[in-house]
Every structure is written in structure tokens, then in C-alpha cells.
Amino acid sequence: MKSSDKKPSKGITRRDALKLSGLALGGLAIGNAMVGPGADIAQADDASGGGTIFNDPANRNTYFAMMRPYRPGSEPLGPYEMRISFLGTSCIPRISQTAVSVFVELGNGDSFVFDAGTGVVPKYFAMGHTLDKMDKIFIAHLHADHMGDLPFIYGFGPSYGRLWPLYIWGPNRSGFTFTAPDNTTRGPFNDGTADLTDALTKMSVWHNESQSFLATGYSDYPVPGWGVPGKTDSYDIVTHELDWTKKGDIDPATGLADNIAYNYNGVKITHFPAVHTREGAISYKLEWNGLSMIYSGDTKPSQYIIDQAKSGVDVLIHEIVMPAADWNEKMGLPPEDVAWTQAVQDSSHTPQKAFGYILNQLGVKPNIAPRLAVGTHFQAEDDTIKSALHDIRLWYPRGNVVIASDLMVINVSKNNIDVRRAVVSDYAWPQHTDTTLTSPNRPKYWKVDETTGKPTSDPTAQLDPDAPVIDPDLYNAR
Ligand SMILES: [Zn+2]
């Protein structure tokens, strides 16, 4: 019987986790990640649960609980260090794992968001990042689990520290057309990232006006290289569409690679095609200071990833999907629907074994296996993790592999890779961040201050003057 035909087996012991993940091998710090004080937390969960929830391997993640803790804000990033935080790791948003987002911080002070799916904003807030840090977003494709939080990120930018435009990178129009058996056609479609951001701007008029009694721009904002002159307002979106067909060939006209999305301050971000559901999905690669990471987004197993990773990548973040039969069971779908679930998976995603196969191929000389491989976009529970690591290990028995959960944090430097679990509060507030900008523009809703004679913000300008508002003197009487 093939492992993918089996139901996920129940439970995962600490020894299983060590053995299956391979983290116990080698001298990397991640070898220690599984045996630190976090192990007590796993036991505490077991002890405090007592009932069906914590004792059911489908309702706990011992693997993650056993990672050593990381306390956000307690460790400045070293000048040659990269930190990758997983702030959304499931295609299905749940309390334990929201939809997809990967946050990359570099020792030079730069930071980048890869995807911003439904529910990721609270995870950023909990990690101590406000929306000023979510100003450069690279979208892999336009599924809602990869961009569903954009309305909040865009609309509340000026309230939570982003006092400049929102910068978004993503694939251009697919160009796809479909001819049905009866010769009718669909497409081409207005389905590019700029179409999405245009629509986002249009749907946000009520929101943006309501917030525009505050200054939404600064006259001393220095337009960065990736900006556009004249676009300085928080409610501007600067969209960089990327030709999703490009994969790094040298453009004879410029002598440059044809897939560069971003190239500033020593940071290069390139893109290449992903094979996912329909044309127009991409993956990203970030390179800085001799360190690199690839973020696959969603994709079927493809040669593109191998080609991009074979020269050596420090961290390969790749989607995986559980076997169709397991998915069916988790979703409460009837067993006879397995063929349909399988067909959907086959159009879009990377089976666990296929990820192992890709890693195996990367380990075959002259290629170089990644220093750490991460499976994500995956519902991480004791039983599913055990199944995933088992299948990956069939092809890739020794290299370092982890399965991502929300709040997993990876520090990467030349000599060390450290995988930990961020300890955050469920009650964290977004924290005010200081700005170096000093010259706010006049708010769009303003009045003349009676005492100073100067323009001032008018938060009440857009209210219905005839609304039957209760006189505060009445409720303040007690
Ligand atoms: Zn997708």
C-alpha cells in the first residue's frame, strides 16, 4: 500500500518528529529546534487538553510547539542576516493558520511581503509590524488566499503607519483564451494585477474618503526608485506588473535578465512562471548579500523550480498539498469525490512526494540542495505533518526540511539557519511607529481653526448634519 493511499496515521511522537524532519541530523542550529524548552509546551498542551481536542492529532501541532521560542522585538537583525517569518501558511484560513503570507526582513533594514491572503494582518500586528512594513507586496497569483487582505492593508495604511503609496508587484494579464467544444470562446480577460489594483481603488472610495480627514500624504516623502514621481499619497497604489512568461533569459536589447522585479539597495527579486490552475501565476526569488530564498507561491511540480534552485538557494519555500483522500476526509466530503479532489489537485498543486522528488533532484550533482526546504500552504497538524514528512523523506531522506505553521520564524546567515516559533500575544495591538516625514499635506477634509486661523483637520465634515445625535451632556450626566 502506498503511503498516500493510507489515512493519516494518528499521532506524532517527539522521536517521530526528529526522525522524519531530519532536524536531528547535522550541525545546524535547527537540530536543536526540536529539543528545547518548547518541548515542555507540547507536554503542557497535552496535559491541559485532557479532552478530545488536544488528544486528537488532527487538532494539535506538536511539531510546531516543540520548536524553541522566539520573542519578536527582542533580537535586532544582524547586518548580514535574513529573517523569514511565516505569517500565513494555509490555503484554508483557520484560527491556527490564516491564508498565505511570507515576510522577509534583511539586515540592511529592507523588508518585503510575499502574498497577503485572508487573515494575515493580525499576525503581522502580533509580530510587532504595522502597515508601514506591509508597503511592498509581491503577489504570486490573484487567488484570494494570496491577496484577500489587500482591502484592509490599502484602506487603513495611513492609520497604521504607511504614509506613502502601497507598492504592489504581481503578474500581468494572462492573455488566456478558451475555445469550448462548441467553438464559443472565453477571454482574453482583464485579469492582471493592475486590473485588480484598479478595482481595489474603485471599491475603496467610501473607505478612503472617510479616512481623509487625516493627512494621507507628506510633501517631504522621497519617492523611491520603485516609485513613480507624483505618486506620494497613501491612497495611491503603484502597481508593477510582471510578465509572467519570463524566466531569466537575457534580453538582447538591454543585456539584462528579463525577469527582474526589483533591484535596489543590493536586493534583487526575480520572478519565473508557476504552473497553477490557469496561466498567469508566478514564483519569486530574492537574493541579497550572498543569501537567497525562493517562494514558489502555488504551483504544480515543475522544472522551473529546479532550474531556479539548482545553483543553490538557502531557503526553498514550496507549497505542498496532502493526498486527496486525506483532504476529502478532513473536509467531510464523500469518499466517492476523491477522484474529483484529485483532479483539482492535479491542476494546481504539488503532492508531498513530488516535493521530495524535487529536493532529491536538487541534491543530485552538479545541482546543490537548498540549505533548508520549507513546505507551506498546508494544513499543519500532527497527523498531516507526519504524512507529509514521510512522503518527502521517501525521496529526500537527509536534507533539512520543515513544515511551516503560522508564526514560524527562520533566521538565515552564512553559517547558521535557526528555525523557531514566535511567541506572541493574542491581544497585541498594532504599535505606533515614528516617521522621519515631517510635512503632512493638508487633509482632504479640513476647516479653518477659529483660534489659530490655520487649516485644520475636520473629522465631522462628512457626517449628516441632520442626524439625530444624542447630546453628550445627556449620557455624561452620570
Ligand atoms: Zn492559488
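Start at 1 and go down the list; that is how both ligands and their atoms are numbered.
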Is it true that [Y] and [X] share a donor-acceptor pair across their side chains at a distance under 3.5 Å?
X: Gln361; Y: Asn367; answer: no
X: Asp418; Y: Asn416; answer: no
X: Gln308; Y: Ser283; answer: no

Could you tally the protein N/O/S atoms lying less than 2.8 Å away from the Zn ion (ligand 1)? 4

Result for side-chain hydrogen bond (donor to acceptor under 3.5 Å, both in side chains) between His377 and one of Asp145, Asp115, Thr89 points to Asp145

Any side-chain heavy atom of Leu87 within less than 4.5 Å of one from Met127? yes

Ring pair (Phe, Tyr, Trp, His ring centres under 6.0 Å) between Phe138 and Tyr284: does it pass, once the steps are laid out? CA-CA 8 Å; Phe138 293 75; Tyr284 290 102; 5.6 Å; yes

